[in-house]
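Okay, so here's the structure we're looking at.
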Amino acid sequence: MSKRIWQHPEVPADETTVSWRSVGQLEDTPHFRSWMEREFPQGVAEMANEEDAEVSRRSFMKLMGASTALAGFGLAACRRPESYIIPYNKAPEWVIPGKATYYASSMPRPGGAVPLVVTTFEGRPTKVAPNSLHPDMSGTDAFAQASVLDLYSPSRSRTVLNNAQASSRAEFEKVLATVAADGAAKVAFVFGHDDSPTRARLIKDLKAKFKAAEFFAYEALEGTQVLADGVAQVVDFEKADKILSLDSDFLCLDGQGKTSAFFNRRKPEGAAYDKKANPDSMNRLYVVESVYSMTGGMADHRLRVAPSQVLRVAAQIARELGVNAGSAVEAITDEKHLKWIKALAADLKASGSKSVVLAGSRQSAAVQQIALAINAALSSAAVKGVKRDTSGLGNFDGLVEKLKGGAIDTLFLLTPANPVYDAPANAGFEAAMAKAKTVIHLGSRTDATAHKATWHVPVTHYLESWGDGRTLTGVYTVVQPMILPLYGDCVSELELLAALLTADGKLITGETADGKPSPAYDAVRATFEAIGGKGDEPWKKLLRDGFHAKSTYESAELTAAAGTISAPPAASGVEVIFSTDGSVYDGRWIDNGWLQEAPDPISKISWDNAALIAPETAKNLGIYDEIVQLETERAAKSPDAEGPQRTGPLIKVKVNGEELVLPAMIAFGQAENTVVIPLGYGQGFDKEDKFNRNAKGNSPASHVGLVGVNSGFNAYPLRHSETKYFATGASVEKAEGKYPLALVQEHFAMYGRALAREISTMEDEKKGDFAEQLQNVAKQGNDAHAPENISLYKQEDKKGDPHLSDKIHQWGMTIDLSSCMGCNACLVACQAENNIPIVGKEQVMKGREMHWIRMDRYFAIEKPEAGKEKDVFDLGNPALVPQPVACMQCESAPCETVCPVNATVHDQEGLNVMAYNRCIGTRYCANNCPYKARRFNFFDYNKRNPLIAHNLYKGPFGEKQVGTAPHLQRNPNVSVRMRGVMEKCTYCVQRLKDAKIRQKRGQKQEVLLTGERSSQLSVSNETLRIPVDSVKVACQEACPAGGIEFGNLLDEDKSVMGRAKKSERNYELLHYIGTKPRTTYLARVKNPNPTMPDAPSIGKATIHMH
Amino acid sequence: MANFFPRWTNFLPLKIAICAGAVATGAVFAFTYYATPKTLAAGYQPSQPIPFSHKIHVDQLGLDCRYCHSFEDVSGTSNVPGSNTCWNCHQHVRKDSPKLQPLRDRMDPTLKSPDFGKPVKWVRVHKLPDYVYFNHSAHLNRGISCQSCHGDVDRMETVYQKNSLSMGWCLECHRAPENHLRPLEEVFNLKYDPQVYFNEHQAEMQNLGVKKPEDLGKVLKEHWNIHSKETCATCHH
Amino acid sequence: MGATSTEHAPSETRQGPKIPVLERENLILSGRSYHWITERIVGVVENRQPFLWWLLFIPCALIAMVGVGMGLTYLVSTGVGVWGMSNRVFWGWDITNFVFWIGIGHAGTLISAVLFLTRQNWRTSINRAAEAMTIFAVMCAGIFPAFHVGRVWMAWFLAPIPNANAIWQNFKSPLLWDVFAVSTYFTISLIFWYLGMVPDLATIRDRCKPGLRKMLYGIFSLGWRGGNRQWSHYEMAYLLLASLSTPLVLSVHSVVSFDFATSIVPGWHTTIFPPYFVAGAIFGGFAMVLTIMVPARQIYGLHDLITMKHIDNMAKIILLTGTIVGYAYLMELFVAYYSGAKYEMDAFKYRITGPYWWAYLAMMSCNVLSPQIFWFKAARENLWVIMGVSMCVNAGMWFERFVIIVTTLARMFLPGDWKSYSPSYVEMALFIGTIGMFLALFLLFLRFLPCINIAEVKWTLKESDPHFDDHHDHPDEGVQTIPSYQHELHSNAKA
Amino acid sequence: MSTTRKRVYGYLAEFGSASALYKAAEKVRDAGFRKWDCHTPYPVHGLDGAMGMKRSILPWFVFFGGMLGTATGFGLAYITQVEIYPTVVQAKPANLFTVPAFFPIMFELTILFSGFTTLFGLLALMKLPRLNHPLFASRQFHRATDDAFFIALEARDPKFHFDKTRAFLEEIGGKSIELVEEED
């Protein structure tokens, strides 16, 4: 055969990706593997085998990733465009091109570091997952999952600014050098609320060097500290049988302890589903709150009261328990509430030390004091005090005072918060800050504070810097970099502090000029040597495991600072609650597309915030003419329309002398007479803004990136120092106009369909006791009477073999609604793992969001018979049941048969697979999917930036975003879908495939070990079957509640999933249509207290449906 | 009144039909032959920046595949060696060969070449589309040799693409893997001949119940529990 | 006609038993001659077009160019997202319009094939136009499924061509059945239409002066000479095509209905869909024939060819099929109720009371109520009423498809995914564009092709019967006048 | 008219009405002519019998064409879905029992193939397209597609006689009898 010889063109001048450093020097001997070594192949991609990887680990970050570059079509190739393979110049050890490498690290957070395992591909971190070895592992929340996107965020700050003008790092270094040289400088540092032992150590050194130095900590939503300085309360939910939350969202935004223990006790069969369902093993959660939180959604009993009334309720409970709650707080007079409180108090008392009362960190000191007092009175075993390393830091008020007093010349703002934007309006922070000569802001975004500061220095992401931290309970965990800082100007907090500690203030970041590691590395190592011992061994172990379990917080006394319990503010006017947002937290995540697009777990709004109002209040305030009911009959559109037309009526909220116009939205289960405004939005606007807010010039678009621009309404100006959490005396009136809202879910009720099923441990008049209800889980709703679907066909091929013929693996999943709280962690984890694009507000309004997991959230309340409305405890407090829905991998999948081109078919292992490259986009499959689990690429969301206004609609003339930094986050093992193709969940098939192939390699190892000929080896199904539950899918891994179990059905009882499937709570969603889904749900179990007045309506979301 | 159409037009439709039919048939055959991966992809033989000869290194010097492509049995992708792999020998061997100048430029700091430290841009020969996830280790560890896809690389002076690498071609083997299976010890042996192997390992073959060399693949398939799949997710995800 | 023309002995007719047959109304009025018919019909093609033609054609062509041309260019270059669909309602106006147009096409085939087989000779005046309507409607219909796909450039995956990927289509998919059904339907309709036109094209050819027109008509009339040795095969072919088209037309809309009926979607998953869809198609198709032919008759003065009898017949068919459709609507509700399945019942409840109640109401009133006026003869004789009802039915049938597709998808199984749909301007433009395209093509057809089947119309004249003179020569006292077109029935009945 | 050599095609005679033509045709048939035809503007009923023609064999073509279509549909579906590359869709079998799902396509292909055989079979039987024909050279033949009824007797017929045939045509009522000549 004649071979065509192709003259390739001259290699063009080497262009390296901006994002990577070019080649550095490294040890010279490449690591060649001998035959001997091949007998014991390197464990790749597994944490446990990484021990000796550590030494060379730093090196790979210096190297260019093995990549292929496509040289344009025009070049010498008429047959095919020439592409190149660019290998490492000097192969780094431990990097195997094409294989993921995993590192243990952690993410510093105000509530304690989150222990993580980070997936990297050729040095690119692409995904984070919880570190399952860590004693404090409690999954990851959406914020942690989404944090990896921030590393590559195009709006990430990457250059030094001087007075909001672009400057250079060299200029800044000069300033830093001057500060460092002057031991008498009046410097002050403001840190965040995360806890870092190394930082604490450096602070001591700084104190020694700078005699006049002041140290503060500030975060916008830091809560009320009633305990002694540095003391925090940690809850052990394993020991808590009865939990009362006084407005504490301890499961999600207000962490107080390892939550997995709590969730484990929501499963009557035990966390591993290995026991018989026993209601007594379950804990019981009481929640007193104003607006539905994730925790409130999990509550067995929930009392909705206005925020000012939480204290009254708390005091009443205290009184019932004989705890002194002072005399300033009025007693509860409402009969119903009183009954509720009495029964609750009795229950707490009965459980004694196994009861615990948790106060929301942002509730007033009085509530916290009462909670502490009750716990003390009950001698609750579940709470203990710990002493954090953060003691000795001043608070925000102190900072402002010092600033005003001129005691600070140079202010280092190292907090992740954005005080110019998020400080209380009456604190006068901006004016005070102006008094400092130099303000140096270290931040990841060019936010309001960055613009007001003298110097803004971009901070490194935690995935590119050395550091350490402590989890909530104080376990020492390390923060290690996965990659050198992407942008040269970026500085980490520790590097900055380290620079100040040197005589010349030389700032070294990433690595030194001669390739030595960053000073932060030395600092962390030095800290650890004191904690974990000297030498390489403990250090290597730390890096391998990510934590040092032996070092935790010392325990401390849980005593409140002295102070009498003061009366709550008088309930006047409407009460405005400034809530922590589930998507942007305090505003810091406003530029994170995944979080912005993830719908709020409760309200289901994405891309915006809105004022949430209970239906009756909305009517009373004149926002709606009638009470907006939880619609269950006609499936009619809401009064604010639906889909692209969905709006919220604008209202004007006046409080604390400020006013804010924003859209309102009805929220069910919220206390009457309250308005909830999530914080953190409205940071920057451009000309596309509906209200022209950029015209005023106070929130310019430069404060945010494309993600956060024009997003939501800023409620911080309404907030005063005294009313950080809620303010009374507000007035609300209807304003002119409407504002479009992107709601991911528009219908909140189940419409009489037993979808997200619920039972209760308490006997039901019609449906019997727990055991009976348990037995009838699979027979709820339509399934009670619909006959079984029987197929006329045998599922066979022409040889008579069954279709799902694989005898090694048959995949299955369970989702336990009893522990699912609907927090979106799985949704974002899936997005990170599977390269799911964001689509922007406009597309979300049209219903085109791409999340493979749709987090449905239903409100359920049984309509009382006519005339019996009064008997129901609270008609305005429907139960909240979340239900994540992704592709169910139906064995009899309706989507498959309708695809004309065989783009979606079943594989032998029971997966409903999707060949994107075969799909032509008829969308028929998605229409025929009863769960609507399929997502269509209506536009080229990956190629065209959906965030630029109208860009998607410009077609070929639109702006492209290929090659921008976010594309570096992509998982290389998952196809990036183009426009016009359908996509959906496939149980992370790339992970399954990887696990199977890894297992197959075992065969070879076996041969080589025995020394036998390979042909003599007989390989059984068991050899090829991956170890039980050894592969985790992204959503399961991320779930903080242990709600998702995945495994091999052929492992049967050995697999947690297999045992869960055997549970009586197991049911198939829409069983009656006969799709035989591989994903099944476990009904939610409510554990009400029968003596409570609201008990008859608990756990009744679906049982009476038929 | 005369005929409007001349007489020759009577045969015109037939002639047109025959011509059109012939052209269409020709076009179909031409397309099948020239515009399918068999022709388009197979036989691609680009020249490389350094004319590395597999023939010399493998056939004459006896290097193992994995000396350079070190992770092919571990990773999904088979890596191309970095310059230091070459340099390991070639800083001592054939130090003056002009063909190796690009390598020296990149690796020898004393030359002060502007290319120093830059990687060699090898021209890619075997390329699958982005949406195809072929896993080298899955095949090599289960008795499919490099040779089955890449051909007799040991005899190639300049590497070319032997097979079409089309999906149809992949399926051929996935439907009948026994035609390509060989003992694991022989996976990297590019000179493997089933007949020779059969003759040399009589006892082993007897043990296995293999009567003819052709049966070896079938027996191995059964022995090793090999069920190569044809479903989409095997390669596309 | 082929099937019955053999062994036809005229003598038997004369001596046959006395079968009383009602004298039928003449299909062609005013005792027109063969030549008059030729003049009249070919005149439409030969003469200058009335000003009205241009007045209609130019805007229609422009609308077609903008709506279809630009609409599709934008769609393909930018993505299906320019339409209003979402990840909840994946089909909207696209498939609604597809089913709508396909349905319209069906009346054409029905008139030409089914009425041919059932010897409804009144069809001859309208079948050509109705067939043309079929062709153009199928062309309009085809645009939607072809371009609604996300990757039009990959649509060749639908064709079973051996390929290097060694992968094939899914022959179990109703959508693939659709591909085969619609393309077969288009092909067969085109053959049927064209073959039917050959003798008429020859008529035009024979009247043309030598030139381009004569050449084109000459080529397309294939050298037709009207010899009986050709007529004999021709009639047989026509009969065969008619008998092929009849089951075909039933199958096509059945297959289209399978897109819905074989799914599991409540409100779609029902066995009555095939007959219901076919009846609906005939219903809507006849309405469209009337909508087009009534004005064309006025404009071109074809009153003697398309008589009130034709219109009356069509109105009756509309009444019948409208009632069948109404029955189907009610039966659907009953089936849902009787199923006992909550999801089924709800699907219909939401159709009627949900956010799209107006579409349901429009469908019901246009399709079921409005044709009921045809019970009255006066209504069937008033062209304004007829036009009004036809328009109503056209709209009603569109709403029917909209109700089935959109309202169902917007309220499926899980309330969590419910979201309503609203079309984008691009979609609307495309639909209007196809209307423009349909009308423009129809106007071109009127302009260039014989809009009435000349040969067949001549054949309905009384004197076309070879025994016409016989009756006049030998009036038979005992036999009532038997119109020519009754002959073969007569002889068949005897046999 | 041209001066080239001409070949006689035959006689063309017009008849006043369908009835006249019918009766004349019976007589021509009875006279034993073989190569002749009646040219009419529309298909005249019973003329086949009057001319002594057999039923068209087109249905046989179409039958086999249709059967080929059915077989193609079945073969295409069965071979690709069961033999070559069976896929698992909605748990439906991939064996003989899956054939009902192929019926729609088998049916459509039956119709399609029948349609094509009808078209091409018809063209073959009618020996069309033939754009040039001696009859088109006739002065009056253009009326055959309008309102005239003709009988054309071909010179190729063994019974054809230059004079006798003309007389015969006159006898059976033919008018405007014309000798049609073919240009060569």
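Residue numbers begin at 1 in each chain, while the letters A, B, ... track the order of the sequences.
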Do [X] and [Y] have side-chain heavy atoms sitting under 4.5 Å apart?
X: D/M51; Y: C/R229; answer: yes
X: D/R130; Y: C/W224; answer: no
X: D/D146; Y: C/H35; answer: yes
X: C/K172; Y: D/Q90; answer: no
X: C/L176; Y: D/I105; answer: yes
X: D/H133; Y: C/R225; answer: yes

Expected output: side-chain C/W168 to main-chain D/A77 donor-acceptor under 3.5 Å: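 Pair absent, no side-chain N/O of C/W168 close to backbone of D/A77.
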Check: C/N228 side chain, D/C38 main-chain N or O, donor-acceptor pair, under 3.5 Å: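 Checked: no pair found.
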What part of [X] lies closer than 4.5 angstrom to a heavy atom of chain D: side chain, backbone, both or neither?
X: C/P247; result: both
X: C/T187; result: side chain
X: C/I191; result: side chain
X: C/E456; result: neither
X: C/Y185; result: neither
X: C/I219; result: both
X: C/D200; result: neither

Heavy-atom contacts under 4.5 Å, residues 166-176 of chain D to chain C: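 Residues qualifying by a heavy atom under 4.5 Å from chain C are absent, so none.
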Please output the residues of residues 107-126 of chain D in contact with chain C, using a heavy-atom cutoff of under 4.5 Å, in numerical order.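 Only D/F107, D/E108, D/L109, D/I111, D/L112, D/S114, D/G115, D/F116, D/T118, D/L119, D/L122, D/L123, D/L125, D/M126 of residues 107-126 of chain D have a heavy atom under 4.5 Å from chain C.
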Using the six-membered ring wherever Trp is involved, compare the ring planes of C/F171 and D/F102 and label them parallel, tilted or perpendicular (cut-offs 30° and 60°).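 It falls in the perpendicular class, over 60°.
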Centroid separation under 6.0 Å, is that true for the rings of C/Y34 and D/F149?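 Yes.
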So which heavy atom on C/A455 is nearest to which on D/P41, and how close?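 Closest pair (atom of C/A455, atom of D/P41, distance): CB-O, 3.6 Å.
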